[in-house]
Amino acid sequence: MTPDELFKNLIAHAKEYGFIFQSSEIYDGLSAVYDYGQMGAELKNNIKNYWWSAMVRLNENIVGIDSAIFMHPRIWEASGHVGAFNDPLIDNKDSKKRYRADVLLEDHLAKIEEKITKEVEKGRKKFGEAFDEKQFRETNPNVVRNAQKAAEITRRMNEALNASDLTALRQLIIDCEIVCPVSGSRNWTEVRQFNLMFSTQMGSVSEDANVIYLRPETAQGIFVNFLNVQKTGRMKIPFGIAQIGKAFRNEIVARQFIFRMREFEQMEMQFFVRPGDEMRWYEHWKDMRLRWHKSLGLGDGKYRYHNHEKLAHYANAAADIEFEFPFGFKELEGIHSRTDFDLGRHQEFSGRKQQYFDPETNESYIPYVVETSIGLDRTVLAVLSAAYHEEKLADGEERVVMRIPAVLAPVKLAVLPLVKKDGLPEKAREIMNSLKFDFNCQYDEKDSIGKRYRRQDAIGTPYCITIDHQTLEDNCVTIRDRDTMQQNRVAIDKLRGIIDEQVNLRKWLERI
RNA sequence: GCGGAAGUAGCUCAGUCGGUAGAGCAUCAGCCUUCCAAGCUGAGGGUCGCGGGUUCGAACCUCGUCUUCCGCUCCA
C-alpha cells in the first residue's frame, strides 16, 4: 500500500463514517470547500477545546476573544493584504505557464540593470584609477539609453499598477518584448486580477455600498482590539490574546483534501512583549507549541521545524512546525516574530495611538508581537492521518482502526449489551444514562458483538463496555480497549473513574 | 488557471455491439444469541455528476459544464 493509496482510503473512510463531506455534494460540490459531519464536528470541537485549554486556561497572562469576520476595509490596507494579496496574472499560451505580470516586468528591469552594471564594470577596467562612475553613468551612451529605458518602464508599470489598468500592463509587457522563459514565445493572454481576498458589499447596494472583505486571517481582529483587551483586562506586558475563527482565501489552487481550503479555521495567539524581548519569547513559543503537538502522542518523529530564510514583510523571525502528512512534511503551524509592524501600521492608519505604558520602565512603546498560528483543519487532518490504521490481526482478519488520542476522540464510550434480550438492553441503558453526562456515549445492540467493536474502531472510540448475563448478578461489565483489544472485567461504579482518567484534559495537558 | 485521467447505490467497482441498471460490502426490519466483522429470511436505496446534440432508442457516441485525482503554476 503506497502512501497515496492510504490517503485515498482515509478520505473515503472520513466520508463513510461521517467525519468530512464535500460541501454541497448533491449540487456536484464546491471546489475546496468541505463540511464536517457528525464525527468530524466532535473531533474538531475537541481539538479547539484542547488548544484553548492549553493556551488560555493554563496561562494566566493569555485571554481569549472572538472577533467578527467583517472588519473595516482600511484594516486590510494597514495590514498590507490589499497590496500583497492582489496580483495581476498573465499566462503564456504556448508554455501554459502563469506569471505575475509585475514580476515579469521587474525581472525585465533587473536584466536591464544587469546590462548597465556590466557596462560600468567595463568602464572601470578601461579607465582604472581615473574612473569616475558618476560621470561615466551620465555620459556613456549605452548606460544612458538603458537607464532611460528602465525609468520609462518603471514609470509606466507603476502608473498601470496604481490605476489597476490591466490593459496597459499587458501592453507594456508586449512593448518590452518580454518572452516566456519556458516557451520563449510572446503569445500572452490578457492580464487578470486575482484577489486572494473574498469581498462582498455592506449596506444598501443602491447607495454608496462599501466593499467589505472576508478576513484572510484572524490576527487583525486581535491587533485592533489590543488596547480594548489590555485596558479592560488590566493586562500587563508580556501577555497574549488568543482567538479561534474562520478565515477565507481565494486560493488559485486548493488541493489535498482539507489541507488547503478556501474557507478555513485558524487558532491564533498574539503575544505582546517589550521591544527587544521578542527573540526570547519567539524561542519560548516555538518550543511550547511543539510540546503541545507532541503531547497528543501522534508520534514525535512526525514533527519538525522549518525556519524561514525569506521573511514576510512584517517578520524578523519565522518558523513553521511541519507535520508528516501522507503527502509529505507540510506546514501545520507558524510561529512568527511580527515586530511592531501590525500595531504600528494600525496606529498610522487609524490615527489612534497603539501604545502601552510600561509601569516597570516608565516608558510608552508599541509592543512587539510573537504570533502562533495553527490551522485547525490541518490539525484535524494530522490527527486523522496519524490515526488511520489498516491492520491485519492474528487470526487473519483485518480491521480499520482510528487511533485518535482518547482526549480528542468524538465518542469516548460505546455501551453494548451482549444480546438484545433477557434484560441486557435495559441494564445497558441504565449504565449509559449514568455516564452520558460525563462522556459522549453511543449505544448499539445491532449485529454481533465483534461487528460492533469494529464499528467503534472505525470512528476511534477508545472504550467499549459490554453487558452480559453475569452483569445482572455481579454488577460488573467487560471494558475493551480500542488499541490493544484487551478486555477487563470491572465493577460498574468504577467505570467513570477508569474512563475519565484516560480521556480527561488534565492527563494530556500535563505532558506539555 | 493549463495539461492528463476519472465520475454508475452510503463504500469499492462490473456493465458486452447503443436495446428494460448489476454485484459485494454497508444500511434497515425480523429470526438466531455467540466477547472481536462472514448464519438465516426479507426490505429500502440509482434522474448512471449536470445540461445540450446525434439516434426509433444513450450509462455507452458527441459537445459543453461541474467536481475529484495526478502533474505544472501559485502560496504571508
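Every chain is numbered from 1 and lettered A, B, ... according to where its sequence line falls, protein lines coming before strand lines.
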With a 3.5 angstrom cut-off on both distances, give the Watson-Crick or G-U wobble partner of [N], or none if there isn't one.
N: B/rU33; result: none
N: B/rG42; result: B/rC28
N: B/rG18; result: none
N: B/rG3; result: B/rC70
N: B/rA23; result: B/rU12

Using the [atom1] atom as the reference point in each nucleotide, state the distance between [N] and [M] in Å, no decimals.
N: B/rA5; M: B/rU47; atom1: C1'; answer: 26 Å
N: B/rG18; M: B/rA9; atom1: P; answer: 23 Å
N: B/rG24; M: B/rG44; atom1: P; answer: 16 Å
N: B/rG42; M: B/rG49; atom1: C1'; answer: 32 Å
N: B/rU65; M: B/rA26; atom1: P; answer: 41 Å
N: B/rG45; M: B/rU8; atom1: C1'; answer: 14 Å
N: B/rC60; M: B/rU20; atom1: C1'; answer: 16 Å
N: B/rG53; M: B/rA14; atom1: C1'; answer: 28 Å

| request: For residues A/R249 and A/E217, determine if any side-chain heavy atom of one lies less than 4.5 Å from a side-chain heavy atom of the other. | output: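 Counting from C-beta outward, A/R249 and A/E217 do come under 4.5 Å.
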| message | Students often mix this up, so state it plainly: with edges at 30° and 60°, are the rings of A/H13 and A/Y17 parallel, tilted or perpendicular? | response |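 Tilted: the ring planes of A/H13 and A/Y17 meet at 30° to 60°.
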| Mind checking whether A/F7 and A/F327 have parallel, tilted or perpendicular rings, split at 30° and 60°? |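 Correct class here is perpendicular.
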| said: Quick check for you: to the nearest 0.5 Å, what is the distance between A/R378 atom CZ and A/E333 atom CD? | reply: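 If we round to the nearest 0.5 Å, A/R378:CZ and A/E333:CD are 11.5 Å apart.
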| query | What distance separates A/S199 OG from A/F248 CZ, expressed to the nearest 0.5 Å? | reply |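 A/S199 atom OG to A/F248 atom CZ measures 13.0 Å (nearest 0.5 Å).
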Rounded to whole Å, please give me the gap between [atom1] in [X] and [atom2] in [N].
X: A/F7; N: B/rC69; atom1: CZ; atom2: C1'; answer: 11 Å
X: A/N9; N: B/rC25; atom1: CG; atom2: C1'; answer: 14 Å
X: A/N316; N: B/rA76; atom1: CG; atom2: C1'; answer: 15 Å
X: A/F21; N: B/rU68; atom1: CZ; atom2: P; answer: 17 Å
X: A/F259; N: B/rC74; atom1: CZ; atom2: C1'; answer: 14 Å
X: A/Q266; N: B/rA76; atom1: CD; atom2: P; answer: 14 Å
X: A/R378; N: B/rC75; atom1: CZ; atom2: C1'; answer: 10 Å
X: A/D320; N: B/rA76; atom1: CG; atom2: C1'; answer: 10 Å

| said: Run the salt bridge (charged side-chain N to carboxylate O under 4.0 Å, His left out) test against A/D444 and tell me which residues pass, sequence neighbours left out. | reply: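 In terms of salt bridge (charged side-chain N to carboxylate O under 4.0 Å, His left out), with neighbours along the sequence ignored, A/D444 is linked to A/R455.
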| request: With sequence neighbours excluded, tell me which residues meet salt bridge (charged side-chain N to carboxylate O under 4.0 Å, His left out) with A/K15. | output: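 For A/K15 the salt bridge (charged side-chain N to carboxylate O under 4.0 Å, His left out) partners, ignoring immediate neighbours, are A/E25.
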| OP1 or OP2 of B/rU68 under 4.0 Å from side-chain N/O of A/S31 |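 Yes, within the criterion.
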| message | Does B/rC11 have OP1 or OP2 under 4.0 Å away from a side-chain N or O of A/K15? | response |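 Indeed, a polar side-chain atom of A/K15 lies that close.
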| said: Treating primed atoms plus P, OP1 and OP2 as sugar-phosphate and everything else as base, which nucleotides of nucleotides 32-40 of chain B get B, S or - for protein heavy atoms under 4.0 Å? | reply: -B-BBBB--
| said: Is it the case that the base of B/rC75 and the side chain of A/R260 share a donor-acceptor contact (distance under 3.5 Å, atom types as modelled)? | reply: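 Yes, a donor-acceptor pair under 3.5 Å.
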| A/E426, CD atom: more than 12 neighbouring heavy atoms under 6.0 Å |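 Count over threshold, so yes.
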| message | Let me spell it out: for each of A/E331 and A/I11, pick the nucleotide of RNA chain B with the closest heavy atom. Which residue's pick is nearer the 5' end? | response |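 Nearer the 5' end of the strand: A/I11.
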| Would A/T218 and A/E268 count as having a side-chain donor-acceptor pair, cut-off 3.5 Å? |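 The answer is yes; a qualifying pair exists.
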